[in-house]
Protein chains: 2
Amino acid sequence: MCCEAQFLQRLRERGLRLTPQREMVLRALHEVDSHATAEEIYARVSVQSSAVDLSTVYRTVELLQDLRLLSTIERADGQRAYELIGVHGPHHHLQCRRCGRLSRIEPEAVQPLIETLRQRYGFAAEPDHLVIAGLCEACREREAQEAQSAA
Amino acid sequence: MCCEAQFLQRLRERGLRLTPQREMVLRALHEVDSHATAEEIYARVSVQSSAVDLSTVYRTVELLQDLRLLSTIERADGQRAYELIGVHGPHHHLQCRRCGRLSRIEPEAVQPLIETLRQRYGFAAEPDHLVIAGLCEACREREAQEAQSAA
DNA sequence: GTTTCTGCAAAGCCTTTGCAGGCGG
DNA sequence: CCGCCTGCAAAGGCTTTGCAGAAAC
């Protein structure tokens with residue numbers, strides 16, 4: 001588990017401690033395929049041990065964010081969800097405004113934009129992960145059909 | 001006020017009504033330079049008339065979103081803020097991860113990315129407004145200096 | 001041994017909702 | 001007039017916080 005070592009190191013640098021709870025939260029985040037809410041992490045951790053509190057999940061998530069190991073996303077339904085940076089490698093997301101589905105895209109797609117921003121605005125973009133709204137292919141077809149049948 | 005006419009039209013289409021409260025919220029959003037939170041809109045509206053409730057602000061904001069006249073952003077401090085689409089024209093934002101400042105960029109900068117996404121993923125991106133994290137020029141220099149003096 | 005961390009419970013904050021009366025069309 | 005909107009107040013959901021005991025180092 002690549003991130004555990006990194007986690008441990010960054011904790012040590014700051015004089016912080018590695019606890020079983022923190023390990024479990026980290027593992028849960030690692031297992032989840034996509035983003036997970038605090039509740040989802042909590043549920044997953046609870047299976048292993050009933051001795052972890054929701055507040056600890058929140059505290060650990062905040063810690064991971066400070067350590068730049070975690071990124072946050074706002075889901076279509078407004079729920080906050082978390083994802084480890086670096087598990088799937090850096091990446092970005094497309095979010096369908098109709099079905100709400102998130103899909104992952106390669107960072108290369110965004111690289112030219114980053115270049116442009118640096119040149120034109122002097123801005124060093126570090127999109128841990130960008131969330132781009134739009135219509136996915138399936139929903140686009142659905143909307144096209146609806147428009148037809150409505151006409 | 002370009003958006004008021006559009007607002008009225010879309011309200012009518014749905015059999016909804018134009019009330020003084022809705023006008024005031026719209027005006028407040030129009031006057032604000034950047035994004036405004038519900039509280040900020042409320043404060044601004046309260047100056048004109050003490051007879052507007054916070055819940056009405058929330059309801060109006062939600063309505064404007066349904067009507068696709070308003071977009072939401074999550075500020076660096078986690079606060080939700082709102083901005084009319086089309087007042088400043090379509091645009092995107094750069095958000096500095098250090099000072100939190102938002103700056104506006106032209107949509108053209110993002111156009112090539114939208115093309116790429118369509119071609120490679122069949123995704124019809126409609127970024128009302130994208131928020132791209134990174135370091136602004138000033139903070140980048142500051143960090144560089146700090147790194148130097150630390151060494 | 002210290003200092004950090006945790007669980008528990010309670011508070012806090014922002015946002016939403018129910019309801020009776022008001023008002024736009 | 002009808003049905004949408006509003007203010008008020010209260011509920012709601014998620015997140016944070018205070019505290020005393022437990023645990024890492």
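So that the names make sense, note that chain A is the first sequence line, chain B the second, and so on, each numbered from 1.
Rounded to an integer number of Å, the gap from CG of B/Leu11 to P of C/dC23 is 19 Å.
Screening B/Glu4, B/Glu31, B/Gln21 for a side chain to side chain contact (heavy atoms under 4.5 Å, CB included) with B/Leu26, the sole residue that qualifies is B/Glu4.
Proximity of residues 56-68 of chain A to DNA chain C (heavy atom under 4.0 angstrom from any strand atom) is restricted to A/Thr56, A/Arg59.
For D/dT6, the OP1/OP2 oxygens have no side-chain nitrogen or oxygen of B/Ser55 closer than 4.0 Å. Between B/Arg17 and D/dG3 there is no side-chain polar atom (N or O) within less than 4.0 angstrom of OP1 or OP2.
Clustering of Ile, Leu, Val, Met, Phe, Trp and Tyr side chains at separations under 4.5 Å leaves A/Val47 isolated, with no partner residue.
Comparing A/Pro20 and B/Leu54 along DNA chain C, the residue whose closest nucleotide (by nearest heavy atom) sits nearer the 5' end is A/Pro20. When each of B/Gly15 and B/Val52 is assigned the nucleotide of DNA chain D with its nearest heavy atom, B/Gly15 is the one assigned upstream, toward the 5' end.
Under a 4.0 Å N-O distance rule, the pair A/Arg104/A/Glu83 qualifies as a salt bridge.
Heavy atoms of A/Gln79 sit under 4.0 angstrom from primed sugar atoms or phosphate atoms, though from no base atom. Nucleic acid contact for A/Arg14: none, since no nucleic acid atom lies under 4.0 Å from a heavy atom of the residue.
In this structure, of D/dT6, C/dT6, D/dC25, it is D/dC25 that holds the atom nearest to the side chain of A/Leu18.
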